[in-house]
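Only one structure is covered here, and it is reproduced in the block below.
Just so you know, these numbers come straight off a predicted model, no measurement behind them. In each ligand, atom 1 is the first atom listed, and ligand 1 is the first ligand listed. We're numbering straight along the sequence, starting at 1.
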Amino acid sequence: MPNDVRDFFDSLAPNWDEHSEEKLPHIISLLDRVHISSGSRVLDLACGTGIISGVLHDRYGAEVLGLDVSPKMIEIARAKYAGKDGVCFECDDFYETLFHQEFDYIVCHNAFPHFVDVERFVDHIADALVPGGEFVVFHSLGRVKLQSHHDGLGPTISRNLGPVEEEARAFSKRLTVLECDESDTHFWIRGRK
Ligand SMILES: C[S@@+](CC[C@H](N)C(=O)[O-])C[C@H]1O[C@@H](n2cnc3c(N)ncnc32)[C@H](O)[C@@H]1O
């Protein structure tokens, strides 16, 4: 993983939570589609400042590990959730992380285009899930809007997403895709190991 990604998100971290409250209802309406069961072990993959880590714990009763490669994002996440049971954070590159225990769910919100090596990303998701475990890779905005956010970023920081069916094919090599759909306000790939 190039340092560009880490440095880029470190620079965004201080202002990351500015609009998080207003975005949450839409994100939650999407997360509700996963039916995460209480007590499950969930990886909030590329968690940033942990915008959804608390929701995963408070709303669905999950035991959450938030993982992100940006030290500044993780510093803010840790400060926000200090002393809270059931939510913890680790700063590491997902491509390189060796987990001590597999996950029942892996949830990745608004981060997929930053994993430019998609095959490796999918392999690591498959390796980190328990058999029967589920993943969801989603955006709470549509692809066109997402693209406009990423315009001008270099190819080591993000890539353009193709139509969701096309993107879902990369997951089918190691995982079963259960559903994929997109609209002006979301992009969604969910599947199972
Ligand atoms: C657009 S932010 C989304 C953060 C969070 N999921 C949210 O919804 O607010 C993308 C995140 O992906 C993280 N990221 C990118 N590549 C990563 C990698 N290889 N391993 C772990 N995190 C990574 C970045 O540091 C950044 O915090």
Side-chain angles (χ1 to χ4, degrees), residues 1-31 34 36 42-57 59 62 64-81 87-99 103 105-128 135-143 145-161 170 185-190:
M1 201 271 321
N3 289 343
D4 317 16
V5 176
R6 193 193 58 210
D7 295 347
F8 175 68
F9 283 105
D10 266 358
S11 74
L12 298 183
N15 301 319
W16 195 255
D17 281 348
E18 256 170 22
H19 302 289
S20 60
E21 286 295 319
E22 69 207 52
K23 291 179 195 155
L24 268 184
H26 176 47
I27 299 172
I28 289 171
S29 72
L30 290 164
L31 276 175
V34 188
I36 292 170
V42 177
L43 175 65
D44 180 2
L45 171 55
C47 64
T49 58
I51 286 176
I52 64 168
S53 308
V55 172
L56 291 167
H57 178 73
R59 190 171 174 88
V64 183
L65 173 66
L67 178 92
D68 201 282
V69 75
S70 155
K72 295 240 162 75
M73 289 282 193
I74 290 294
E75 193 183 313
I76 293 168
R78 284 187 176 136
K80 273 163 56 176
Y81 294 101
V87 183
C88 61
F89 295 95
E90 199 173 316
C91 185
D92 201 5
D93 179 354
F94 177 60
Y95 291 129
E96 308 289 342
T97 310
L98 291 171
F99 297 104
F103 297 91
Y105 297 88
I106 296 179
V107 174
C108 183
H109 173 241
N110 280 1
F112 183 37
H114 304 294
F115 291 91
V116 294
D117 187 343
V118 181
E119 200 176 322
R120 207 161 153 218
F121 176 70
V122 170
D123 274 343
H124 278 259
I125 288 181
D127 290 344
F135 72 92
V136 60
V137 168
F138 75 113
H139 288 273
S140 51
L141 73 176
R143 208 155 35 91
K145 202 158 180 194
L146 178 68
Q147 199 47 57
S148 70
H149 281 307
H150 290 173
D151 274 350
L153 299 181
T156 55
I157 295 184
S158 80
R159 69 181 182 92
N160 293 350
L161 293 185
T185 56
H186 78 276
F187 179 96
W188 179 265
I189 301 173
R190 184 173 75 86

Just how far is it from atom [atom1] of [X] to atom [atom2] of [Y], taken to the nearest 0.5 Å?
X     : Y     : atom1 : atom2 : answer
Asp7  : Ser70 : CG    : OG    : 9.0 Å
Thr49 : Lys80 : OG1   : NZ    : 3.5 Å
His57 : Ile52 : NE2   : CD1   : 14.5 Å

Among Phe121, Phe115, Tyr95, Trp16, which one puts a heavy atom closest to atom 17 (C) of ligand 1?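 The nearest heavy atom belongs to Phe115.
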
From the candidates Asp68, Asn110, Leu45, the one that places a heavy atom nearest atom 27 (O) of ligand 1: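 Considering heavy atoms of Asp68, Asn110, Leu45, the nearest to atom 27 (O) of ligand 1 sits in Asp68.
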
Numbered atoms and elements of ligand 1 in range of [X], under 4.0 angstrom, heavy atoms:
X      : value
Asp92  : 20 (N), 21 (C)
Ala111 : 10 (C), 12 (O)
Gly48  : 4 (C), 5 (C), 27 (O)
Ser70  : 25 (O)
His109 : 3 (C), 5 (C), 6 (N), 7 (C), 8 (O)
Asp93  : 18 (C), 19 (N), 20 (N)
Phe94  : 18 (C), 19 (N), 20 (N), 21 (C)

In a check of side-chain contact (heavy atoms from CB on, under 4.5 Å) between Arg120 and each of Asp123, Asp117, Val122, Val116, which one passes?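 For Arg120, the side-chain contact (heavy atoms from CB on, under 4.5 Å) check succeeds only for Asp117.
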
Under 4.0 Å, heavy atoms only, figure out whether ligand 1 is touched by the backbone of [X], its side chain, both or neither.
X     : result
Val5  : side chain
Asp44 : neither
Cys47 : backbone
Ile51 : side chain

Can you tell me if Thr49 has a non-hydrogen atom under 4.0 Å from ligand 1?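 No.
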
Regarding Asp93 and Arg6, does a basic nitrogen lie under 4.0 Å from an acidic carboxylate oxygen?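 Salt bridge between Asp93 and Arg6, a charged N being under 4.0 Å from a carboxylate O: no.
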
Within a strict 4.5 Å, meaning less than it, do heavy atoms of the Leu161 and Phe187 side chains meet?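 Yes, close enough: below the 4.5 Å cut-off.
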
Min side-chain heavy-atom separation Leu24-Ile51 under 4.5 Å: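 With C-beta onward as the side chain, the pair touches.
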
Heteroatom proximity flag, Val69 to ligand 1, N/O under 3.5 Å: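 Yes, there is a polar N/O contact under 3.5 Å.
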
Pairs of nitrogen or oxygen atoms closer than 3.5 Å, one from Ala46 and one from ligand 1: do any exist?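 The answer is yes, given that Ala46 and ligand 1 share an N or O pair closer than 3.5 Å.
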
Can you check side-chain contact (heavy atoms from CB on, under 4.5 Å) on Asp68 and Phe94, steps first, answer last? CA-CA 7 Å; Asp68 201 282; Phe94 177 60; over 6 Å; no

Using the benzene-type ring in the case of Trp, are the ring centres of His114 and Phe9 under 6.0 Å apart?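 Here the rings of Phe9 and His114 have centres that are less than 6.0 Å from each other.
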
Test of ring centre spacing under 6.0 Å for Phe112 and Phe138: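 Ring centroids of Phe112 and Phe138 are no less than 6.0 Å from each other.
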
